[in-house]
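Here's the structure, in structure tokens; my notes come after.
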Amino acid sequence: MPWKGIKDPYKIWLSEIILQQTRVEQGMAYYERFIGNFPSVDLLANATDETIFKLWEGLGYYSRCRNLIHTARHIHNNLGGVFPGTMAGLLSLKGVGDYTAAAIGSFAFGLPQAVVDGNVLRVLARYFGINNPVDETAGKMLFGKLAQDLIDLNQPAKYNQAIMDFGATVCKPMQPRCFECHFNKTCVANKEKKQSEYPVKSPKKQPRSRWFYYLVLEHQNNLLVIQRKDKGIWKDLHEFFLKEELSATDESLIFEAGYWGIPGLSIDVGNAVLSDEFIHILTHQRIYGRFLHVRIDQKVEIDGYTWLSSNEIDKIAFPRLITKYLEMKEA
DNA sequence: AACTCGGGGGG
DNA sequence: CCCCCAGAGTT
């Protein structure tokens, strides 16, 4: 990784926020882009929300971006542009939890704090044969204490980096390389051939299904857009006029102006194109999306919505469901 | 304690 | 289809 060995707390913080619940391969390009645009926390703090969200577009978990902006400005405005060097100080930053505080603390400041991420949980659960679910309170306590007992207090950064690298390359989730593992003689999971049974996790609930019908209104190359403000999925990102349904809606109904409930709207079938269904799979939701693109001659105004040129559209962030649609429409 | 929050990649 | 990812915040 490009930031390995780096001690700049800003770069470590940025990389760790980007990598929360995100694979290194996926986050890498985003990290490079952010550092290229904002080499310091002060430059990040002075950027506009839209600029930053646009750079984050497509990475998901957008509250991370919101907290990133908040924390950058907090450090710039209230802390003189200097990151806190204690665990308590780091934990007080929005978006910085136990893992990220330990990562910044050990890597940037040499604090003797053990990181506990998905890699560490898997390594410890397998090696010691721990059956406690890692996502329950008791399990988190147990693994946190164990990790802290094991850390090499003389070189915490090196230890933390090593155990995560080990989990990512040897003690992998699938097909762990036990045959060449230094610990295969004493590892409980390997001895019992139960590598796949660790770590134990509590059962996850099944995702809910939602049906999103978007009306893409176009007037003289401008599109009608709104920013999602309600808490929930895609908060702060932009979208088109949305009607959400609890089940699939018939095509013929979608073409009727009355379906959308917009005063003054009329849909000429000759100027309307209905997309195929986009199936957008998330961890906790299945979203079925369809887009009705309508060119109108008579401009309508809707409370909260804004007409934007394609130039302006390019500067704001959309969820992947919508960028995929836009990319399809371009082609 | 349970829920919510994105998106992508691999088997 | 399933899994999981250098987790954190809210309810």
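A quick note: this is a predicted structure, and the numbers were derived from the prediction, not measured. Protein chains get the first letters and strands the later ones, always in sequence-line order, with residue 1 at the start of each.
Against DNA chain C, the stretch residues 200-210 of chain A makes heavy-atom approaches under 4.0 Å through A/Lys201, A/Lys204. Within residues 314-322 of chain A, the residues having any heavy atom closer than 4.0 Å to DNA chain B are, in order of number, A/Pro319, A/Arg320. At a non-hydrogen distance threshold of 4.0 Å, A/Lys231 from residues 230-237 of chain A come into contact with DNA chain C.
Atom-to-atom, CG of A/Leu68 to P of B/dC5 comes out at 20 Å; the value is rounded to the nearest Å. Protein atom CD of A/Gln175 is 14 Å distant from nucleotide atom P of C/dC4, rounded to whole Å. The nearest whole Å value for the distance from the CD atom in A/Glu57 to the P atom in B/dG7 is 10 Å. What separates CD of A/Gln21 from C1' of C/dC5 is a distance of 6 Å, to the nearest Å. Between A/Ile17 atom CD1 and B/dC5 atom C1' there is a gap of 15 Å when expressed in whole angstrom units. Protein atom CD of A/Gln195 is 17 Å distant from nucleotide atom C1' of B/dG11, rounded to whole Å. Protein atom CZ of A/Arg64 is 11 Å distant from nucleotide atom P of C/dA8, rounded to whole Å. Atom CZ in A/Phe53 sits roughly 16 Å away from atom C1' in B/dG7 (whole-Å rounding).
Residues passing the side-chain contact (heavy atoms from CB on, under 4.5 Å) test with A/Val82, sequence neighbours excluded: none. Residues satisfying the ring pair (Phe, Tyr, Trp, His ring centres under 6.0 Å) criterion with A/His76, sequence neighbours excluded, are absent altogether. For A/Tyr61, there are no ring pair (Phe, Tyr, Trp, His ring centres under 6.0 Å) partners at least two apart in sequence or on another chain. For A/Gln113, the side-chain contact (heavy atoms from CB on, under 4.5 Å) test picks out A/Met87, A/Ala102, A/Gln148, with sequence neighbours left out. With sequence neighbours excluded, the residues forming a ring pair (Phe, Tyr, Trp, His ring centres under 6.0 Å) with A/Phe291 are A/Tyr214, A/Phe278, A/Tyr325, listed by chain and number. A search for side-chain contact (heavy atoms from CB on, under 4.5 Å) contacts involving A/Leu246 returns nothing, not counting sequence neighbours. Remark: A/Glu312 pairs with A/Leu308, A/Ser309 by the side-chain contact (heavy atoms from CB on, under 4.5 Å) rule, at least two apart or across chains. Here A/Tyr30 pairs with nothing under the ring pair (Phe, Tyr, Trp, His ring centres under 6.0 Å) rule; sequence neighbours left out.
For the P atoms, the distance from B/dG6 to C/dT11 is 15 Å, rounded to whole Å.
At the heavy-atom level, A/Ser63 lies nowhere under 4.0 Å from the strands shown. Heavy atoms of A/Met164 sit under 4.0 angstrom from at least one base atom. Among the protein residues, A/Val120 comes within range of no part of the nucleic acid, since none of its heavy atoms lies under 4.0 Å from any strand. A/Asn160 comes within 4.0 angstrom of no nucleic acid atom, judged by non-hydrogen atoms across all strands. Contact annotation for A/Gln285: backbone-only contact, meaning every heavy-atom pair under 4.0 Å involves sugar-phosphate atoms and none involves a base.
For the pair A/Tyr62 and B/dG7, the criterion of a side-chain N or O lying under 4.0 Å from OP1 or OP2 is met. Considering only side-chain N and O atoms, A/Thr100 lies under 4.0 angstrom from the phosphate OP1 or OP2 of C/dA8. Look at A/Arg66 and you won't find any side-chain N or O under 4.0 angstrom from OP1 or OP2 of B/dC5. Applying the 4.0 Å criterion to OP1 and OP2 of B/dG8, one finds that A/Lys324 has a side-chain N or O inside that range. Taking side-chain N and O atoms only, A/Gln20 has no distance below 4.0 Å to OP1 or OP2 of C/dG7. Residue A/His284 places none of its side-chain N or O atoms closer than 4.0 Å to OP1 or OP2 of B/dC3.
Side-chain N/O atoms of A/Thr22 and base N/O atoms of B/dG8 include no donor-acceptor pair closer than 3.5 Å.
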Run A/Met164 and A/Val120 through side-chain contact (heavy atoms from CB on, under 4.5 Å) and show every step you take. CA-CA 6 Å; A/Met164 288 194 287; A/Val120 174; 4.1 Å; yes
Side chain to side chain donor-acceptor pair (under 3.5 Å) evaluation trace for A/Gln227 with A/Asp236: CA-CA 6 Å; A/Gln227 186 174 33; A/Asp236 297 325; 4.6 Å; no
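Salt-bridge check for A/Glu50 with A/Lys315: failed, with every basic side-chain N at 4.0 Å or more from each acidic carboxylate O. The pair A/Arg290-A/Glu277 does not count as a salt bridge, with every side-chain nitrogen at least 4.0 angstrom from each carboxylate oxygen.
In this structure, A/Glu25 and A/Lys94 both approach DNA chain C, and ranking their closest nucleotides by distance from the 5' end singles out A/Glu25. Of the residues near DNA chain C, A/Arg286 and A/Val116, the one whose nearest nucleotide (by heavy atom distance) lies more toward the 5' end is A/Arg286.
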If a pair means Watson-Crick or G-U wobble with both distances below 3.5 Å, what does DNA chain B look like in dot-bracket form, with | marking bases paired to a different strand? |||||.|||||
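Here A/Phe241 and A/Tyr305 bring their ring centres to under 6.0 angstrom of each other.
Atom CE of A/Met328 has more than 12 neighbouring heavy atoms from other residues, nucleotides or ligands inside a 6.0 Å radius. Counting non-hydrogen atoms of other residues, nucleotides and ligands closer than 6.0 Å to CD of A/Glu327 gives a total above 12.
No side-chain donor-acceptor contact under 3.5 Å links A/Tyr10 and A/Ser40.
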